[in-house]
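A, B, ... follow the sequence lines: proteins, then strands. Residue 1 opens every chain.
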Amino acid sequence: MARFINGILPENPVLRLVLGICPTLAVTANIKGAITMGLAATFVLFCSNMFVSLLKRFLQPHLRILVFTIIIAAFVTIVDMFLKAYMYEMSRQLGPYIPLIIVNCIIIARAEACASKSKLLPSLGDALGMGLGFTLALCILASIREILADGTWLNMRVMWDSFTPWTIMKLAPGAFLTFGIVVGINNFIRRKIEERKSSQP
Amino acid sequence: MINFLKQSALVLILAVVFGSVLALIYANTNPLYEHNQKMAIKYAIQTTIPGAKDAAKLEVSEVELSDGGKAYQVSDGSKLLGWAYVAKGKGFGGDIRLLVGLNAQAKGLVGIDVLEDVETPGFGNSINKESWKSKFRTRNGVPLPLDKPLVVVKRTPKAGNPYQIQAITGATISSKAVVKIINETASEVARQVK
Amino acid sequence: MIAELMLILLTAVLINNPVLYYFLGLCPYLGVSNKVDMALGMGMAVTFVMTVAASLTWVVNNLIIFYLNAGYGIDLGFLRYTIFIFVIAGTVQLVEMFLRKFFPHLYDRFGIFLPLITTNCAILGCCLWIDVKGYNLVAGQEGVAASWKFAQALLFGIGNGLGFTLAICLMAGIRERLNFSDVPRDFRGVGITLIVAAILAMAFMGFSGIGG
């Protein structure tokens, strides 16, 4: 349970550890894409952590990464096939970013740092926490970008009618800018919390 | 040595297990994927060719073109509605893929649909808007002629001149790109399928 | 024909830059862009591996998977991603051994980056985008020569590598100067790097339309 919460905020993979940021920027132009991507990565993370944790007794240093890669690639292919069959539009929109989950550093980092050393339940909790933390970060970025670029949130109009859309937020520079500012704000909040803690022991 | 064998056995077993699971899922999902792809083309055809009302009932058969591409022969089961083909070209931000519809006699342009583009949101990607695509539709039931290339103009085109297409404000390059793709392919495809 | 190949190269470097347009390879982009010479080494290593990996995966994808499917009806499409990642990992290993044996100087310069490259998404991304861009063989288009498609894929690989090198070197140059400027405390490191990347991406947007 502690591990579950750990992934969501204190060690949020995207905002805190800055891992797996390629999809973070690429799919956050709208929220639907961000949620799909987040859940797909969570699923892969959950399954790979489960298998790595079950197999950890057999793993040896030099073959470890190879086994991780086989497991991750297999589950990513499964996700890709399901999206193509049941969510065709979404799979068109995300395109090659789904197979790119294979090289998403979060997944291999969690397999290495957590699942290959812990029992089954803690590693599953860790996977869920990290996955949801990833999804949450994606949603925050996507919300900012979608609201500013289209004036909508999940296709619902939230801005006033005369609002001029900030087209740049839909494009690459908007993605970098939003992420940079969110990381900065996150650091700021964290520093304030820590200062308060240390001033009142 | 024993250890080495154990390790290789582990990798092999994993590979075989995952491989067969993947093959099983693939066999079940791939037909759905192919069905989705076909339906996507049919929905695009539905918006392109007048008279094609219900995508599910369209009958689409493929015809080989000399450059290796394909044209789709579209009918509603009883009568020929028109022809459609996919054309690709360079736009402002990258490739644009269009579905171009021709009438049943393959003599005139009856509509286009944008399948894929990476034009600038808010400017170039207005080529996806109905107001732009409607410029390539039949006008009062008369399809756009193919005998001469279409031209992009910035002002309102002269009434009765079917060759002039008004550019989107702020997106002249994207407008020209779309028209160029059509000019380069339409009359050639029409000649081949006729 | 040459003009078209050059256009592919130019597009990959300037317009559809892997880092600033497709957001690929961001981990090394943020991690190794402190010093210009380090960035250049990383860029060269990526370019090299990317060129080899793009051509190898093209060969595997088109001469093995496609041929088995078209000739014998054996559809191995579900193994594509697994094969890709192993081809890339193998390429990195080969390049490492090759460099250590024949070009020890080069190996000293960017050997340390090579193990990092396996999980660089720019490489896998480049191999995957070859399909999206239409440089793969397609059933029913046997009229198009395989060598022509291969040349396109190869140039796309080189272009992506050079694009990555350009982007990371520009960023390293800016960050060397940035060390002397007064950045708000919470934005130091990742934050300011991303904001600079935003400005670079905006500048690169000016190149779009070259191909039109």
Q.
Does A:Lys56, at its NZ atom, have more than 12 non-hydrogen atoms belonging to other residues, nucleotides or ligands within less than 6.0 Å?
A. yes
Q.
If I take atom OG1 from residue A:Thr77 and atom OH from residue C:Tyr81, how far apart are they, to the nearest 0.5 angstrom?
A. 7.0 Å
Q.
Measuring from atom SG of C:Cys121 to atom CD1 of A:Ile102, what distance do you get when rounded to the nearest 0.5 angstrom?
A. 11.5 Å
Q: Please list, in residue-number order, every residue in residues 177-186 of chain C that has a heavy atom less than 4.5 Å from any heavy atom of chain A; write 'none' if there are none.
A: C:Arg185, C:Asp186
**Q.** Nearest heavy atoms of C:Tyr22 and A:Tyr97, plus distance in Å
**A.** O-OH, 2.7 Å
Q. Got a second to check how far C:Ile88's CD1 is from A:Thr69's OG1, nearest 0.5 Å?
A. 11.0 Å
Q. With respect to chain A, which residue among C:Tyr29, C:Tyr21, C:Phe78 yields the maximal number of heavy-atom pairs within a distance under 4.5 Å?
A. C:Phe78
Q) Rounded to the nearest 0.5 Å, how far apart are CG of C:Leu20 and CG of A:Leu171? A) 13.0 Å
**Q.** Among C:Asn120, C:Ile123, C:Ile85, C:Leu24, side chain to side chain contact (heavy atoms under 4.5 Å, CB included) partner for A:Val103
**A.** C:Ile85
**Q.** chain C contact via A:Asn186 - which portion, at a heavy-atom distance below 4.5 Å
**A.** neither
Q: Answer yes or no: does atom OH of C:Tyr67 have more than 12 heavy-atom neighbours from other residues, nucleotides or ligands under 6.0 Å?
A: no
Q.
Heavy atom to heavy atom, less than 4.5 Å: which residues from residues 152-160 of chain C reach chain A?
A. none
Q: Could you look at C:Phe84 and say if it's the side chain, the backbone, both or neither that has a heavy atom under 4.5 Å from chain A?
A: neither
Q: Count the heavy atoms belonging to other residues, nucleotides or ligands that lie under 6.0 Å from OH of A:Tyr88, then report whether that count exceeds 12.
A: yes
Q: Please test A:Leu177 against C:Ile199 for side-chain contact (heavy atoms from CB on, under 4.5 Å), starting from the C-alpha separation and ending with a verdict.
A: CA-CA 8 Å; A:Leu177 195 65; C:Ile199 297 168; over 6 Å; no
Q. Which distance, rounded to the nearest 0.5 Å, do you find between the CG of C:Leu194 and the CD1 of A:Ile181?
A. 10.0 Å
Q) Is the A:Phe176-C:Phe23 ring centre distance short of 6.0 angstrom? A) yes
(Q) Counting C-beta onward and ignoring hydrogens, is there a side-chain heavy-atom pair between A:Leu100 and C:Leu124 closer than 4.5 Å? (A) yes
Q | Residue selection (most heavy-atom pairs with chain C, distance under 4.5 Å) from A:Ala74, A:Pro96, A:Cys105, A:Ala73 | A | A:Pro96
Q. Considering only heavy atoms, which portion of A:Lys84 lies under 4.5 Å from any heavy atom of chain C: side chain, backbone, both, or neither?
A. side chain
Q) Do you know the tightest heavy-atom contact between C:Gly25 and A:Cys22? A) N-SG, 3.8 Å
Q) Heavy-atom distance under 4.5 Å to chain C: side chain of A:Ile72, backbone, both or neither? A) neither
**Q.** pair C:Phe86-A:Ile70: side-chain heavy atoms closer than 4.5 Å
**A.** yes
